[in-house]
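Everything on this sheet refers to the single structure shown next.
Letters A, B, ... are given to chains in the order of the sequence lines, protein chains preceding strands, and every chain is numbered from 1.
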Protein chains: 2
Amino acid sequence: MTNRSTVRTKKAIKHAFSELVEEKGLDSLTVSDVARTAGINRGTFYLHYVDKDDLKNQLESEALESLQERLFSNENADPDDPVDVIPYEAILGALEYVQDDFEFIRAIVGPRGDHAFLGRFRGQLGQMIEKQIAKSSTLRLSMKGFPREYAMQVMLSGIVAITELWLSNGGKESPEEIATMIHESRKLAPYEFLK
Amino acid sequence: MTNRSTVRTKKAIKHAFSELVEEKGLDSLTVSDVARTAGINRGTFYLHYVDKDDLKNQLESEALESLQERLFSNENADPDDPVDVIPYEAILGALEYVQDDFEFIRAIVGPRGDHAFLGRFRGQLGQMIEKQIAKSSTLRLSMKGFPREYAMQVMLSGIVAITELWLSNGGKESPEEIATMIHESRKLAPYEFLK
DNA sequence: ACCCTTAATCAACAGACCGTCCATAAGAGA
DNA sequence: TCTCTTATGGACGGTCTGTTGATTAAGGGT
């Protein structure tokens, strides 16, 4: 239903949930807490969600779908340019969505949130990279003594680390600044940060 | 107490806890579960721990202390060699401890474990790197357009990513192999994994 | 082998939250 | 205005919690 009161109630639940994840952690919060904080009856919660886990899953799925959309919209990326394996356009789009849904995403990604969420996002990012590599006739994930799996994780981890820090710092920088940092970081070996 | 039965009971609790974290996740497991699985009376649990959170914290602290010890024992590292900012010796020592305490660490780091644990470990690793940089007269974390904070996180993330994957793959490789991979990864920019 | 300390067991307690139900009130839409 | 949907409020039995008190079992010291 896109009923007015339904929308209002669901928004209140999402807002309360985000607050509570930040405040007392996903583990500790209860359905009673959510209802109390959202200012709704506990029974009303159960009209919309099966339980706490269902709420978490629905909210996460919505966010991941939106992120997926943006990550995979990178039409004008050059298939054979290694730099475009992680298209600026796609990263920026995703970061802009993060900014729009900041309260929830910060909470769920944060230290008291759900570890699995970032794991699933990492998976999406990996798929995008795989897709870009597949599009190219010349590029592939080379080994350099690294099992393919490990190489991929190392590639992903830097991107996710930057995004996580951005979130925990409160999103001070603009999505453009972060996208640029991610872009630049791809060209630097860890030791090059030392001089 | 180092009483025989105390030691036996605590071991049973830790083992049961690790199993249950792996199986149903840290969120969902209860003290009743732990007691049942460990084959002890629920009351006995409360003779040793305040509650589930206390158990988690005690086990995590023990592990982090042991890791800290090994990370900070790197006497023969060259202060002015950038490569020794992350001394092979220290990394290997830490990985060997992980192998010893594998069941627990895999569970707590895993997708249904405690996100905060890795966060704290990341902090320790960061401190070690800061300490090594401080020892040197010539080295420092340079910017290259990166805020210091972001540079540090990118440095850390690759190391942690490799360790996480090692854990989730069941620790097939030896600590030496992983330590070598971490060592080598420091010299490669993400795009160099593509050819 | 003995006693005595310490740990583990068992049963019972009130309190919190759970998931469900039903009767009632409020409100949105035609 | 009338109707259909959503929200409310209260009550149910059930599970888990943290604590207590009485009892049994095991360990260590001499």
Side-chain angles (χ1 to χ4, degrees), chain A residues 1-62 104 107-108 112-116, chain B residues 1-62 104 107-108 112-116:
Chain A
M1 280 295 140
T2 43
N3 201 315
R4 259 187 250 174
S5 37
T6 300
V7 171
R8 198 158 27 82
T9 301
K10 285 198 164 187
K11 260 190 195 155
I13 290 178
K14 179 172 181 177
H15 176 65
F17 179 76
S18 305
E19 259 189 355
L20 286 165
V21 167
E22 201 76 69
E23 188 186 314
K24 55 185 334 199
L26 179 57
D27 311 3
S28 314
L29 71 87
T30 70
V31 172
S32 300
D33 285 332
V34 173
R36 232 186 331 266
T37 307
I40 62 161
N41 191 277
R42 191 168 66 89
T44 307
F45 177 94
Y46 291 105
L47 294 178
H48 298 287
Y49 304 100
V50 173
D51 56 18
K52 175 175 115 180
D53 211 56
D54 181 49
L55 168 63
K56 185 203 72 183
N57 290 333
Q58 283 198 37
L59 294 180
E60 287 188 357
S61 296
E62 287 166 24
F104 170 69
I108 208 69
R112 320 190 57 136
D114 181 17
H115 185 31
Chain B
M1 279 298 139
T2 43
N3 203 318
R4 260 188 246 174
S5 40
T6 300
V7 171
R8 195 157 29 81
T9 301
K10 285 198 163 190
K11 260 191 196 154
I13 290 177
K14 179 172 181 176
H15 177 63
F17 179 77
S18 305
E19 258 189 355
L20 286 164
V21 167
E22 202 75 68
E23 187 186 315
K24 54 188 328 201
L26 178 57
D27 310 3
S28 315
L29 70 87
T30 70
V31 171
S32 299
D33 285 332
V34 173
R36 230 184 335 265
T37 307
I40 61 161
N41 191 277
R42 191 169 65 89
T44 306
F45 176 94
Y46 290 105
L47 294 178
H48 298 288
Y49 304 100
V50 173
D51 56 19
K52 176 175 115 178
D53 211 56
D54 181 49
L55 169 63
K56 185 203 72 184
N57 290 332
Q58 283 197 36
L59 293 180
E60 286 188 359
S61 295
E62 287 166 22
F104 170 70
I108 208 69
R112 321 190 56 135
D114 181 16
H115 184 32

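- Contact between the side-chain N/O atoms of B/Thr9 and the OP1/OP2 oxygens of C/dA8 is found at a separation under 4.0 Å.
- Contacts of A/Val50 with the nucleic acid, taken as non-hydrogen atoms under 4.0 Å apart, are absent.
- For D/dT17, the OP1/OP2 oxygens have a side-chain nitrogen or oxygen of B/Ser32 closer than 4.0 Å.
- Scanning DNA chain D for stems, defined as runs of 3 or more consecutive Watson-Crick or G-U wobble pairs whose donor-acceptor distances all fall under 3.5 Å, gives the following ranges: C:5-12 with D:19-26, C:14-17 with D:14-17, C:20-30 with D:1-11.
- Between A/Ile40 atom CD1 and D/dT8 atom P the separation is 7 Å, expressed in whole Å.
- Between B/Arg8 and D/dG27, a side-chain N or O to OP1/OP2 separation shorter than 4.0 Å is present.
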Check step by step if side-chain contact (heavy atoms from CB on, under 4.5 Å) holds for B/Val7 and B/Lys10.
CA-CA 5 Å; B/Val7 171; B/Lys10 285 198 163 190; 6.0 Å; no

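- The number of heavy-atom neighbours closer than 6.0 Å to NZ of A/Lys24, taken from other residues, nucleotides and ligands shown, is above 12.
- Taking atom NZ of B/Lys24 as the reference point, atom P of D/dT15 lies 13 Å away to the nearest angstrom.
- Here A/Arg4 reaches the OP1 or OP2 of C/dG29: one of its side-chain N or O atoms lies under 4.0 Å away.
- Between A/His48 and D/dT6, a side-chain N or O to OP1/OP2 separation shorter than 4.0 Å is absent.
- Taking only side-chain nitrogens and oxygens, B/Ser5 never comes nearer than 4.0 Å to OP1 or OP2 of D/dG27.
- One can place CZ of B/Arg36 at 9 Å from P of D/dT17, the figure rounded to the nearest angstrom.
- The side chain of B/Thr30 lies closest to D/dT17 when the candidates are D/dA7, D/dT17, C/dA7.
- For the pair A/Tyr49 OH and C/dG19 P, the interatomic distance rounds to 15 Å; values are reported in whole Å.
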